[in-house]
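Here the structure comes first, spelled out in structure tokens, and everything after it is commentary.
Keep in mind that what you see is a predicted model, and the values were worked out from it rather than measured. All residue numbers in this chain count up from 1 along the given sequence.
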Amino acid sequence: MLKFVILLSVVACAFGAAIPEGLLPQLDGRIVGGTPTNIGDYPYQISLQRNGGHSCGGSIYNNKIIVTAAHCLQKVAASALRIRAGSSYWNSGGVLINVSGFKNHEGYNANTMVNDIAIIHLSSPLTYSSNIRPINLASSSPNNGAVAVVTGWGTTNNGGSIPDTLQEVFVDIISPDMCASSKYGYGSQIKATMICAAASGKDACQGDSGGPLAANNVLVGVVSWGIGCAQPNYPGVYANVADLRSWVISTA
């Protein structure tokens, strides 16, 4: 697994993307092949910011809880974090709220990326509006081939900087069994707490780390990891929300 982590880092560095502070090198969080969109279409999306800069994405679970990826919250204090909600732009508009604390899944493993999910507690509650709304958690995994959407502020091209405007990209769900099959390059590294998604010409690690993968208006995945960009043998890998749903509910 150490070799695997090193390989991921080398691949990401080779693509040369500007990696926001707080992201691991193998989790470069690009949206490739996507288009600009409006927060009103994805009012559950937030920008997780570290020391004033965009770091990861996240999803509104309720007015005081955000769901994101555990890898986004490594080696950081809550005092360095805040979220922006209700804006199509990570750097302006909407509301900025401080983070009072967070909790990573106890079973999160940075080497295998299992249980890559966390919740963030906000210091003050969000006020719901047309641009700020929660999203329900999936109670079952979507079918293989189902259409899903990933949103975030990930870079849109190799070596680029993160865009100001929220991006969307539509992808097809790949079941854990299919993603672990010989059709793709991950093999046994795909676990039950993961789900995959990809589409031709779309990035293999779609969206911002920690951001939402949604299907039928429910949260089905949290952007977690992947190798390279838009490589057909390496779909984007997400924390499987249906599998981790009970943890989120009980912890929140």
In this structure, OG of Ser129 is separated from CD1 of Ile39 (nearest 0.5 Å) by 9.5 Å
Would you please indicate if the ring centroids of Trp247 and Tyr108 are separated by under 6.0 Å?
no
Under 3.5 Å donor-acceptor, Tyr234 side chain and Gly226 backbone
no
Do Val76 and Phe102 touch side chain to side chain, with heavy atoms closer than 4.5 Å?
yes
For the backbone of Ser92 and the side chain of Ser87, can you confirm whether one donor and one acceptor N or O come within less than 3.5 Å of each other?
yes
Heavy-atom check, side chain of Val241 versus side chain of Val218, under 4.5 Å
no
Can you check whether Asn240 reaches Ser141 side chain to side chain, under 4.5 Å on heavy atoms?
yes
What is the minimum heavy-atom distance between Cys72 and Ser209, and which atoms define it?
SG-O, 3.6 Å
At their closest point, which heavy atom of Ala214 faces which heavy atom of Tyr44, and how far apart are they?
CB-OH, 3.5 Å
Residues Trp153 and Leu166: closest non-hydrogen pair is NE1-N, 3.2 Å
Interatomic distance, CG@Asn104 vs NE2@His71, rounded to 0.5 Å, equals 11.0 Å
Decide whether Val99 and Leu96 are clustered together by the hydrophobic rule: side chain heavy atoms of Ile, Leu, Val, Met, Phe, Trp, Tyr closer than 4.5 Å, transitively.
no
With a 4.5 Å heavy-atom cut-off, do Asp172 and Val147 have their side chains touching?
yes
Describe, in one word, how the ring planes of His54 and Trp90 are oriented to each other, choosing from parallel (under 30°), tilted (30 to 60°) and perpendicular (over 60°).
tilted
Can you find a pair of side-chain heavy atoms, one from Asn62 and one from Lys64, that are under 4.5 Å apart?
yes
Are there over 12 heavy-atom neighbours, none belonging to Asn109, within less than 6.0 Å of that residue's CG?
yes
Between Val222 and Tyr238, is a side-chain contact (heavy atoms from CB on, under 4.5 Å) present by the stated rule, with each step listed?
CA-CA 5 Å; Val222 174; Tyr238 304 78; 5.7 Å; no
Could you go step by step and tell me if Asn144 and Ile174 meet the side-chain contact (heavy atoms from CB on, under 4.5 Å) rule?
CA-CA 5 Å; Asn144 194 64; Ile174 302 169; 4.2 Å; yes
If you define the side chain from C-beta out and look only at heavy atoms, does anything of Ile249 sit under 4.5 Å from Leu137?
yes
Shortest non-hydrogen contact from Gly107 to Asn115?
O-ND2, 3.0 Å
Between Asp116 and His105, is any pair of side-chain heavy atoms under 4.5 Å apart?
no
What do the steps show when you test Leu48 against Ile46 for side-chain contact (heavy atoms from CB on, under 4.5 Å), and what is the final call?
CA-CA 6 Å; Leu48 175 60; Ile46 62 93; 4.1 Å; yes
For the atom pair OG1 (Thr151) and CG (Asn38), what is the distance rounded to the nearest 0.5 Å?
12.0 Å
Between the side chain of Thr68 and the main-chain N/O of Gly57, is any donor-acceptor distance below 3.5 Å?
yes
Are any non-hydrogen side-chain atoms of Gln45 and Ser59 less than 4.5 angstrom apart?
no
Using the rule that Ile, Leu, Val, Met, Phe, Trp and Tyr join whenever any side-chain heavy atoms are under 4.5 Å apart, tell me whether Leu122 and Val95 fall into a single cluster.
yes
Starting at CD1 of Ile97, measure out to CD1 of Ile120 and round the result to the nearest 0.5 Å.
12.0 Å
Where do Arg84 and Tyr89 land on the side-chain contact (heavy atoms from CB on, under 4.5 Å) test, with the steps shown first?
CA-CA 9 Å; Arg84 186 183 299 275; Tyr89 307 95; over 6 Å; no
How far apart are the closest heavy atoms of Ile135 and Asn217, and which atoms are they?
CG1-O, 3.8 Å
Just verifying a value: how many Å separate Ile195 CD1 and Cys179 SG, rounded to the nearest 0.5 Å?
9.0 Å
Smallest heavy-atom separation, Val114 atom then Lys191 atom, equals CG1-CG, 3.4 Å
With Asp164 via side chain to side chain donor-acceptor pair (under 3.5 Å) - residues at least two apart
Asn91
Roughly how far, to the nearest 0.5 Å, is the OG1 atom of Thr193 from the CG atom of Asp243?
6.0 Å
Establish whether Val223 and Tyr184 are linked, either directly or via other cluster members, by ILVMFWY side-chain heavy-atom contacts under 4.5 Å.
no
